**Q** 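For reference, the structure I am asking about is given below.
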Amino acid sequence: MPDKSLQNINVLIIDDLNLIIQGYKNIFSIYPTTKYSFTIYEAQDCKSGYEIITNPPAPFDIAFLDISMPEYALQNIFSGEDLGKLLMQKTPSCKIVFLTMHQES
């Protein structure tokens with residue numbers, strides 16, 4: 001539960017690797033601040049990402065999206081980029097950061 005005296009930042013993290021999600025959550029939990037609190041929401045693939053974006057528990061302020069994740073073909077969501085486009089439609093004020101560990105030569 002966020003501290004009412006602090007400005008709450010709603011953070012969405014979507015990544016198919018739970019270790020990555022936990023890493024981001026740890027960073028936010030140790031961030032030294034007297035101004036902000038962070039509420040973290042998470043999803044593990046394009047389907048759960050689609051569901052949380054289309055039915056958000058709160059308006060998201062910032063989102064960290066993995067680019068390469070299991071798709072949700074039923075809704076034409078094939079990547080984090082597709083989720084980013086959806087998020088821009090649903091919450092235009094949300095700042096989006098794309099991250100990936102995918103490597104190509």
Side-chain angles (χ1 to χ4, degrees):
M1 186 87 171
D3 183 337
K4 299 289 186 202
S5 64
L6 303 175
Q7 178 185 349
N8 186 58
I9 306 292
N10 292 314
V11 180
L12 174 62
I13 304 169
I14 306 177
D15 198 300
D16 58 328
L17 297 174
N18 190 49
L19 183 64
I20 300 298
I21 292 174
Q22 294 309 313
Y24 292 131
K25 288 171 74 173
N26 286 340
I27 290 168
F28 282 103
S29 72
I30 63 171
Y31 182 78
T33 181
T34 56
K35 292 183 179 182
Y36 305 105
S37 65
F38 301 98
T39 302
I40 310 294
Y41 301 94
E42 61 186 83
Q44 293 76 34
D45 52 31
C46 288
K47 181 178 185 207
S48 59
Y50 175 87
E51 290 169 353
I52 199 167
I53 290 169
T54 57
N55 190 21
F60 302 117
D61 298 300
I62 187 166
F64 294 88
L65 309 178
D66 185 10
I67 292 176
S68 180
M69 289 183 287
E71 64 187 36
Y72 186 31
L74 185 63
Q75 292 294 334
N76 294 317
I77 304 292
F78 299 99
S79 68
E81 292 175 87
D82 292 334
L83 289 172
K85 291 175 187 174
L86 178 64
L87 188 56
M88 286 178 11
Q89 292 172 355
K90 299 289 184 178
T91 312
S93 63
C94 181
K95 305 298 183 221
I96 300 172
V97 178
F98 286 104
L99 306 163
T100 191
M101 295 184 114
H102 182 74
Q103 295 179 341
E104 291 182 10
S105 54

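Side-chain atoms are counted along with the backbone in the values below, which use heavy atoms only and exclude waters and symmetry mates. As the structure is a prediction and not an experimental result, all values here were calculated from the model.
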**Q** Using the side-chain hydrogen bond (donor to acceptor under 3.5 Å, both in side chains) criterion, which residues pair with Lys25? Sequence neighbours excluded.
**A** Glu42

**Q** To the nearest 0.5 angstrom, please state how far the OG atom of Ser79 sits from the CE atom of Met69.
**A** 7.5 Å

**Q** Can you give me the closest heavy-atom contact between Asp16 and Ser68, atom names plus distance?
**A**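 Smallest interatomic distance, heavy atoms only, reads OD1-O, 3.6 Å.
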
**Q** Could you state whether Val11 and Leu17 fall into the same hydrophobic cluster, counting links through intermediate Ile, Leu, Val, Met, Phe, Trp or Tyr residues with side-chain heavy atoms under 4.5 angstrom apart?
**A**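 Same cluster: Val11 reaches Leu17 through Ile, Leu, Val, Met, Phe, Trp or Tyr contacts under 4.5 Å.
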
**Q** Starting at CD1 of Ile96, measure out to CD of Glu81 and round the result to the nearest 0.5 Å.
**A**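 If we round to the nearest 0.5 Å, Ile96:CD1 and Glu81:CD are 11.0 Å apart.
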
**Q** Which heavy atom in Asp15 sits nearest to a heavy atom in Ile21, and how many Å separate them?
**A**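 Minimum heavy-atom contact is O-CD1, 3.3 Å.
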
**Q** Locate the shortest heavy-atom distance separating Leu87 from Ala63; write the atom from each residue and the value.
**A** CD2-CB, 3.4 Å

**Q** Are Ile9 and Ile30 connected in a single hydrophobic cluster, I mean Ile/Leu/Val/Met/Phe/Trp/Tyr linked by side-chain heavy atoms less than 4.5 Å apart?
**A** no

**Q** OH of Tyr24 to CG of Leu12: how many Å apart, nearest 0.5 Å?
**A**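 That separation rounds to 12.5 Å.
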
**Q** If you take all heavy atoms of Phe64 and Leu99, which pair is closest and at what distance?
**A** CD2-CD1, 3.8 Å

**Q** Determine all donor-acceptor pairs shorter than 3.5 Å in which one atom belongs to a side chain in residues 45-61; sequence neighbours excluded.
**A**
unit_1 : atom_1 : unit_2 : atom_2 : d
Asp45  : OD1    : Lys47  : N      : 3.2
Asp45  : OD1    : Ser48  : N      : 2.7
Asp45  : OD1    : Ser48  : OG     : 2.9
Ser48  : OG     : Gln44  : N      : 3.0
Ser48  : OG     : Asp45  : N      : 3.2
Ser48  : OG     : Asp45  : O      : 3.4
Tyr50  : OH     : Gln75  : OE1    : 3.1
Thr54  : OG1    : Tyr50  : O      : 2.8
Thr54  : OG1    : Glu51  : O      : 3.4
Asp61  : OD2    : Asn10  : N      : 2.7

**Q** Over all heavy atoms of both residues, which pair between Phe78 and Glu71 is shortest? Give the atoms and the distance, please.
**A** CD2-OE1, 3.3 Å

**Q** Going only through I, L, V, M, F, W and Y residues with side-chain contacts under 4.5 Å, is there a path from Tyr72 to Ile13?
**A**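 In one cluster with Tyr72: Ile13, no.
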
**Q** Under 4.5 Å between any side-chain heavy atoms of Asn76 and Asp82, yes or no?
**A**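 No, side chains not in contact.
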
**Q** Please answer: with hydrophobic residues joined when any side-chain heavy atoms are less than 4.5 Å apart, are Ile14 and Val97 in the same cluster?
**A**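 No, separate clusters.
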
**Q** Should we count OH of Tyr36 as having more than 12 external heavy atoms under 6.0 Å?
**A** no

**Q** Nearest 0.5 Å, what's the OG1-CD1 distance between Thr91 and Ile62?
**A** 13.5 Å

**Q** Mind checking whether Leu86 and Tyr41 sit in one hydrophobic cluster, side chains of I, L, V, M, F, W, Y counted as touching below 4.5 Å?
**A**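 In one cluster: yes.
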
